[in-house]
Amino acid sequence: MNSATTITIELYGQLKDTFAAQTIEHRLEPGVPTNVQQLYQALRAQQPNAPQQQQIRPIINDTFVEWDAGFQAGDVIGFLPPASGG
Amino acid sequence: MFTLSEQPIDAQALKAQVKNPRSGGFVNFEGWVRNHNKTAQDETAAVTELHYEAHEKLAQQVGQQIIDQAMQQFDINAAVCCHRVGQLQIGDMAIWVGVSADHRQAAFAACEFILNQTKAQVPIWKKEHYKNGDSGWVEANL
């Protein structure tokens, strides 16, 4: 896909198994504004057993963002499940 | 300093980083891979190995913020935390935290703070592999 019209979604931890993918290429619909919350809800609609939004921390291009953050073509959006290190 | 390591943790090298002529005490925590899940009762679910993965950039960033916060919040002289990533076997060291301070109280408190915050905040995820062939991502044990 052309990066001018797509974003890359990166999944970590349990989300990788839930979606059976480490990265997903997502085509943006022209003229349809969206934010990371809407994007995650669209993903959860595909896999309802994915963690609820309040358990997830979103990032854009390796930076933590709020759920209402927008993005543009070429961005890399990540969803981080709860940490379980140690 | 906070670091991630794909290689076995060198505790002696980390301890050397915490040594400080002002310090009268040193507190250290080592987390090891255990052979059983904290909730599973079934022998077939015995843990055989662990896999840790991290968002490396953010893990370094958040981990260092925790160290910086500990240095400000507690009366300590040095603090270091190292977390393994990759495939670990039973008994391997997964995390090392060390703190030195003038006096023991601050060292104990800061060591526990760094450990707890690292487990709760640093984007690292743990997957257990079981004797029966199954595997599963582990929820935070806070």
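Reminder, nothing fancy here: chain letters follow the sequence lines and each chain counts from 1. This structure is a prediction, so every number in the text was calculated from the model and none was measured.
Under the 30°/60° scheme for interplanar angles, the aromatic rings of B/Tyr52 and B/His83 are found to stand perpendicular.
Contact tally against chain B (heavy-atom pairs below 4.5 Å) for A/Arg57, A/Gln14, A/Lys16: the top residue is A/Gln14. Chain A forms the most heavy-atom pairs under 4.5 Å with one residue out of B/Glu53, B/Lys57, B/His51, and that residue is B/Glu53.
At a 4.5 Å heavy-atom cutoff, the contact between B/Ile95 and chain A is made by side-chain atoms alone. Proximity to chain A (any heavy atom under 4.5 Å) is shown, for B/Val97, by neither the backbone nor the side chain. Looking at B/Trp125, both its backbone and its side chain come within 4.5 Å of chain A, counting heavy atoms on both sides. Looking at B/Lys119, the atoms closer than 4.5 Å to chain A (heavy atoms on both sides) sit in the backbone and in the side chain alike.
In summary, the side chains of B/Gln72 and B/Asp68 do not present any donor paired with an acceptor at a separation below 3.5 Å, with no hydrogens or angles considered. If you check the side chains of B/Asn20 and B/Ser100, you find no donor sitting under 3.5 Å from an acceptor.
Going from atom OG1 of A/Thr8 over to atom NE2 of A/His26 covers 11.0 Å, rounded to the nearest 0.5 Å. In this structure, the separation between CZ on B/Arg84 and CE on B/Met93 is 10.0 Å, given to the nearest 0.5 Å.
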